[in-house]
A.B. asks: 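Here you go, one structure.
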Amino acid sequence: MLVRLKFLTAGESHGQGLLGILDGIPSNLEISEEYINIQLARRQMGHGRGGRMKIEKDKGELWCGVRHGKTLGAPIGILVKNNDWVNWTKKMSVSPIDKEIRKVTLPRPGHADLAGIQKYDFDDIRNVLERSSARETTMRVALGTVCRKLLEDVGIYVGSHVTQIHHVKNTISYDSSISPVELNKKADASPVRCLDKKAEEKMIKIIDDAKSAGDSVGGIFEVIATGLPYGLGSPMQWDRKLQAKITSMMMSVNAFKGIDIGGGMNESEKWGSEVHDEIGWEKNKYIRYSNNAGGLEGGMTNAQPIVLKMAMKPIATLIKPLRSVDMNTKESKDAHKERTDSCAVPAASVIAESMLCYVLVDALLEKFGGDSMEQLKAHLKATSKY
Ligand code: EPS
């Protein structure tokens, strides 16, 4: 789906660490570990996170592709070490070990466990769960932050906030005069990344209730991007349409189950005249009287903010486990228990911001091109329309 960028993540949840490579970023983009670490810290936040986040303090180490604080146009390599590795050196050893390790044989409903062991011919679910753990999203955020920095340098900003946890809904909708930077400042000040203080209290309570019941809760969050020119993406071919790229990138996150673009699902019960955003002309430019399209028309950005709503399912690892079957004996037993989060919706909103950053940089480079930041900015100045 991405045409100008390539990225890969590697690393097990309890291995030595996470590795990532991002290729296709132009030269002379200023980037630092400090900037990356701000986003990594945001991904670790949120009420309802489990014990692992107390162990880790994720730090992105820029290993290559950057010199004296600026990108070289070369592949960018990032390493994030796992602090927890010291407790797993035997269980996750790369080399064979002489000790017998207890295998995980009770697949968790909702996780990759059962399909994964069938697919790869494993007799230990750990071989599947280590990679399908949400820990992998650390590296997505680390590399995605390089993309975020590029976007910010050309006036494009991405932010998010949580609108629902379980049945508790935010009653204050996002005021589009607030920039995504302001939005993130406000949301990050809330333990659930919610703008509505009353809803926040109830959200915290429902997460605590889930935790004490050994259960988990999911939720919904909104992701917003501003400062976009006309025409990122294309109406000309199915795989060049921006909403196809955005949804495929978002749906690559394990726990994401649904996406609404603009009015989304709600539009199906409305009249066309209620849904489509009327066009006006003011101060020498086209304006819109609403943004139900969520910034995307005909597979392209229409210079309005991109507005997405994402649904996250409750985390599959449960302290009070669901029924499962022991892979060895085929006896009915409770599913495997592993340290877990009771809610990771606030963290998920930060991960979704990063996924959007990759798509927007890719589309920007596809349309405007440039081997250096200077060239990209000159191309934007010469031909972009807002
Ligand atoms: C996570 C790391 C994991 C979990 C969580 C998210 O670490 P550990 O398994 O050592 O506790 O806390 O992942 C899951 C609950 C899951 O089912 O994948 C992280 O870094 O975000």
Side-chain angles (χ1 to χ4, degrees), residues 9-20 36-37 39-60 78-92 102 104 106-117 124-145 162 165 192-193 207 210-211 214-219 221 252-257 312-322 324 335-355:
T9 74
E12 283 74 45
S13 180
H14 303 100
Q16 296 193 53
L18 305 162
L19 304 170
I36 291 167
N37 293 339
Q39 299 304 323
L40 290 181
R42 291 180 69 226
R43 193 205 72 94
Q44 292 201 272
M45 291 187 324
H47 191 74
R49 296 289 257 159
R52 181 70 183 272
M53 291 305 108
K54 293 191 183 83
I55 299 170
E56 304 298 340
K57 189 140 186 41
D58 291 332
K59 294 267 173 271
I78 299 182
L79 175 76
V80 176
K81 288 183 189 137
N82 287 331
N83 288 343
D84 208 13
W85 163 243
V86 291
N87 304 311
W88 291 79
T89 49
K90 281 265 182 301
K91 277 189 276 187
M92 288 303 294
R102 199 162 60 86
V104 181
L106 301 162
R108 293 161 298 171
H111 228 295
D113 303 357
L114 183 57
I117 47 167
D124 185 353
I125 291 168
R126 180 149 308 282
N127 289 344
V128 180
L129 75 83
E130 283 291 327
R131 187 68 190 143
S132 64
S133 163
R135 179 106 194 105
E136 184 263 344
T137 60
T138 308
M139 188 47 71
R140 298 201 200 197
V141 172
L143 298 174
T145 301
V162 172
I165 289 189
V192 282
R193 304 204 72 245
I207 294 168
K211 190 172 182 186
D215 218 321
S216 63
V217 282
F221 52 87
S252 72
V253 181
N254 281 346
F256 292 0
K257 296 291 266 189
M312 182 195 191
K313 71 178 180 180
I315 280 174
T317 311
L318 300 180
I319 298 305
K320 190 164 162 258
L322 295 173
S324 183
H336 173 66
K337 274 195 273 188
E338 176 106 354
R339 176 180 52 203
T340 188
D341 303 328
S342 31
C343 178
V345 178
S349 61
V350 177
I351 297 160
E353 285 177 24
S354 302
M355 298 318 286

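Start at 1 and go down the list; that is how both ligands and their atoms are numbered. Only this structure's heavy atoms are used, side chains among them; waters, hydrogens and symmetry mates stay out.
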A.B. asks: Which option wins on minimum heavy-atom distance to atom 16 (C) of ligand 1: Arg108, His111, Arg43?
C.D. replies: His111
A.B. asks: Show your working on salt bridge (charged side-chain N to carboxylate O under 4.0 Å, His left out) between Arg135 and Asp58 and close with a plain yes or no.
C.D. replies: CA-CA 10 Å; Arg135 179 106 194 105; Asp58 291 332; 2.6 Å; yes
A.B. asks: What residue and atom, counting heavy atoms only, is the protein's closest point to atom 3 (C) of ligand 1, and at what distance?
C.D. replies: Ser133 OG, 3.8 Å
A.B. asks: Do the charged groups of Arg52 and Asp84 touch, with an N to O distance under 4.0 Å?
C.D. replies: yes
A.B. asks: Closer than 4.0 Å to some heavy atom of His14 - which atoms of ligand 1 meet that?
C.D. replies: 8 (P), 9 (O), 10 (O)
A.B. asks: With no hydrogens and no angle check, is any side-chain donor or acceptor of Ser354 less than 3.5 Å from a backbone partner on Val350?
C.D. replies: yes
A.B. asks: Of the choices Arg49, Lys54, Glu136, Arg339, which has the non-hydrogen atom that lies closest to atom 11 (O) of ligand 1?
C.D. replies: Arg339
A.B. asks: Are Glu12 and Arg126 close enough for a salt bridge, meaning some N to O gap below 4.0 Å?
C.D. replies: no
A.B. asks: Do Ala134 and ligand 1 have an N or O pair less than 3.5 Å apart?
C.D. replies: yes
A.B. asks: Output yes when a side-chain donor or acceptor of Gln44 lies under 3.5 Å from a complementary backbone atom of Glu56, and no otherwise.
C.D. replies: yes
A.B. asks: Considering only heavy atoms of Thr317, which atoms of ligand 1 have at least one such atom less than 4.0 Å away?
C.D. replies: 17 (O)
A.B. asks: Contact between Asp215 and Lys320 at the side-chain level, heavy atoms closer than 4.5 Å - yes or no?
C.D. replies: no
A.B. asks: Would you find a donor on one side and an acceptor on the other, under 3.5 Å apart, between the side chain of Ser216 and the backbone of Ile315?
C.D. replies: yes
A.B. asks: Identify the protein heavy atom lying closest to atom 5 (C) of ligand 1, giving its residue, its atom name and the separation to 0.1 Å.
C.D. replies: Asp341 OD2, 3.6 Å
A.B. asks: For ligand 1, which atoms have a heavy atom of Met53 less than 4.0 angstrom away?
C.D. replies: 1 (C), 19 (C), 20 (O), 21 (O)
A.B. asks: For Thr340, take its heavy atoms, then give the atoms of ligand 1 lying under 4.0 Å from any of them.
C.D. replies: 15 (C)
